[in-house]
Amino acid sequence: MPELPEVETIARALQYGGRGSDSIVGKQIRTVQLNWERSLEEVPPEIFLSKILGQTIIQVGRRGKFLVIRLSEDHLIFHLRMSGDLRVESGIPAIGDFSLNQNHDRFLAIFQDNFRLVFNDPRKFGRIWLVENPQTVYKNLGPEPLGSDLSSETFHKALVTHHRRIKALLLDQKFLAGLGNIYTDEALFRAGIHPRKISNQIDLKKAALLLQSIRDVLTEGILRNGASIDWVYRGGDFQNTFRVYQKTGEKCQVCEETIQRIRLGQRGTHFCPNCQPEPGD
DNA sequence: CCTGAAACCTGTCTGC
DNA sequence: TGCAGACAGGTTTCAG
């Protein structure tokens, strides 16, 4: 699930309410339950538990794919990786609601009246931090793609300082924060750039188009509350607007060429051979 | 600096 | 039906 738009959607729901639940802002953590210790990054479980109790939720936000919860003393940070999700429950879960699957709940922060925040993560790849300074967690992250301070010129300069296949570079969180496999494929398609194009072969005009394409797919993803691909993430419908991702063998909506799938850096990669010509052509 | 492979995990789907 | 194998939205580490 979780690329930038999905994390943003969850963060907004926790901050303002939505996705069928209330805001967690202002709630005080009374109890916690940790079912899988390795979800915790670095901090020993005992210290984590003793530090977090009694703290109040101040604000929920996002940096790259990190979901950041500012507490009264510290920052509680989640990275959902491949299968993580956060949900809010109040009172007793409705009987028969299959969306409230308890199977893979790894961590629960419980507030007053059994109102709680639940971290569910089937594949156990997700991670949780509790730190005073959030910068220590994402100090290596690249710029926010939607940030107004990122100009086409800056983006282009960054592209040409590397000699890497553009898909791999866009997936690199140190280069740009927030893109994953879906939004990268979709952005490259819209920009008409082959995923194997070498980054320093991209001129300023094409770089500007790529940045705009990235912003378009991310903005559209956020507007649609993210993309729901499997049972993990619910609510979003950006998947209905995919043009290449998981469209292998289907006709390109622009030129009717057949969408292809290749493997690039261990990731399934989808593109239109006609709209995104092979580098060197 | 760059690439590929492996590792961390569980669930789902495909094909024999 | 059963079962092996491939595959999955991410990231880190290591070898070449």
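Protein chains get the first letters and strands the later ones, always in sequence-line order, with residue 1 at the start of each. The basis for the numbers below is simple: all heavy atoms, side chains too, and nothing from hydrogens, waters or symmetry mates.
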> Where the side chain of E3(A) is defined as all heavy atoms beyond and including C-beta, which of dC8(B), dG9(C), dC7(C) is the nearest nucleotide?
Replying inline: dG9(C)
>> For a quick test of reading the model: is some side-chain N or O of R127(A) closer than 4.0 Å to OP1 or OP2 of dG10(C)?
In response: no
> So does H79(A) get a side-chain nitrogen or oxygen closer than 4.0 Å to the phosphate oxygens (OP1/OP2) of dT11(C)?
Replying inline: yes
> How many Å lie between CZ on F66(A) and C1' on dG10(C), as a whole number?
Replying inline: 10 Å
> Considering only the P atoms, how many Å lie between dT10(B) and dT1(C), rounded to the nearest integer?
Replying inline: 26 Å
> Within less than 4.0 Å of OP1 or OP2 of dT3(B), is there a side-chain N or O belonging to R165(A)?
Replying inline: yes
>> With a 4.0 Å limit, can you tell me whether H104(A) has a side-chain N or O closer than that to the phosphate oxygens OP1/OP2 of dC9(B)?
In response: no
>> Roughly how many Å apart are dC3(C) and dC9(B), using the P atom of each and rounding to a whole number?
In response: 25 Å
> Which range-with-range stems can be found for DNA chain C when each stem has 3 or more Watson-Crick or G-U pairs in a row and both distances sit under 3.5 Å?
Replying inline: B:2-8 with C:10-16, B:10-16 with C:2-8
> Do L218(A) and L141(A) sit in the same hydrophobic cluster, where Ile, Leu, Val, Met, Phe, Trp and Tyr count as joined when their side-chain heavy atoms come under 4.5 Å apart?
Replying inline: no
> Is the distance between the ring centroids of F48(A) and F107(A) less than 6.0 Å?
Replying inline: yes
> Do you see a donor-acceptor pair shorter than 3.5 Å between the side chains of D237(A) and Q239(A)?
Replying inline: no
> Between atom CD1 in I229(A) and atom C1' in dT12(B), what is the gap in whole Å?
Replying inline: 14 Å
>> Once you apply a heavy-atom cut-off of 4.0 Å, does G265(A) come out as touching a base, just sugar-phosphate, or nothing?
In response: sugar-phosphate
>> Please report the distance, rounded to the nearest Å, between NE2 in H270(A) and P in dG9(C).
In response: 8 Å
> Looking at E6(A), E3(A), E144(A), which hits salt bridge (Lys or Arg N to Asp or Glu O under 4.0 Å) with R62(A)?
Replying inline: E144(A)
>> Is it the case that the side chains of H270(A) and D185(A) hold a donor-acceptor pair, with the cut-off being a distance below 3.5 Å and no angle test?
In response: yes
> dT11(C) phosphate, OP1 or OP2: any side-chain N/O from K65(A) under 4.0 angstrom?
Replying inline: yes
> Judged by modelled atom types alone, do D85(A) and N120(A) share a side-chain donor-acceptor pair under 3.5 Å?
Replying inline: no
> Is NZ or CZ of K27(A) both nearer than 6.0 Å to the six-membered ring centre of F115(A) and within 45° of the ring axis?
Replying inline: yes
>> What's Y245(A) touching, base or sugar-phosphate or nothing? Going by heavy atoms closer than 4.0 Å.
In response: sugar-phosphate
>> Closest-nucleotide mapping onto DNA chain B: is H163(A) or Q266(A) further toward the 5' terminus? I mean the 5' end.
In response: H163(A)
>> Less than 4.0 angstrom between a side-chain N/O of R267(A) and OP1 or OP2 of dC7(C), yes or no?
In response: no
> Only one of R165(A), H156(A), H162(A) forms a side chain to side chain contact (heavy atoms under 4.5 Å, CB included) with S199(A), so which one is it?
Replying inline: H162(A)
> Rounded to the Å, how far apart are L170(A) CG and dT11(C) C1'?
Replying inline: 17 Å
> Between H162(A) and dC2(B), does any side-chain N or O lie under 4.0 Å from OP1 or OP2?
Replying inline: yes
>> Please report the distance separating the P of dT14(B) from the corresponding atom of dG9(C), rounded so that it comes out in whole Å.
In response: 16 Å
>> Rounded to whole Å, please give me the gap between CZ in R123(A) and C1' in dT10(B).
In response: 7 Å
>> Heavy atoms from C-beta onward define the side chain here; which of dC9(B), dC2(B), dT11(C) lies closest to that of R81(A)?
In response: dT11(C)
>> Whole angstroms only, please: what is the CG-P distance between N120(A) and dG11(B)?
In response: 11 Å
>> Going by centres under 5.5 angstrom and planes under 30 degrees, do the aromatic ring of F125(A) and the base ring of dC8(B) stack?
In response: yes
> Within this structure, what is the CD-to-P distance between E41(A) and dG10(C), rounded to whole angstrom?
Replying inline: 18 Å
> Out of dT11(C), dC7(C), dT3(B), which nucleotide sits closest to the side chain of R263(A)?
Replying inline: dC7(C)
> Is the shortest side-chain N/O distance from K124(A) to OP1 or OP2 of dC8(B) below 4.0 Å?
Replying inline: no
>> Give me the distance, rounded to whole Å, that separates dG4(B) from dC7(C) when you measure between the P atoms they each carry.
In response: 16 Å
> Roughly, in whole Å, what's the span from CD in Q246(A) to C1' in dT12(B)?
Replying inline: 13 Å
> If Ile, Leu, Val, Met, Phe, Trp and Tyr residues are connected whenever their side-chain heavy atoms lie under 4.5 Å apart, and connections chain through other members, are I214(A) and F271(A) in the same group?
Replying inline: no
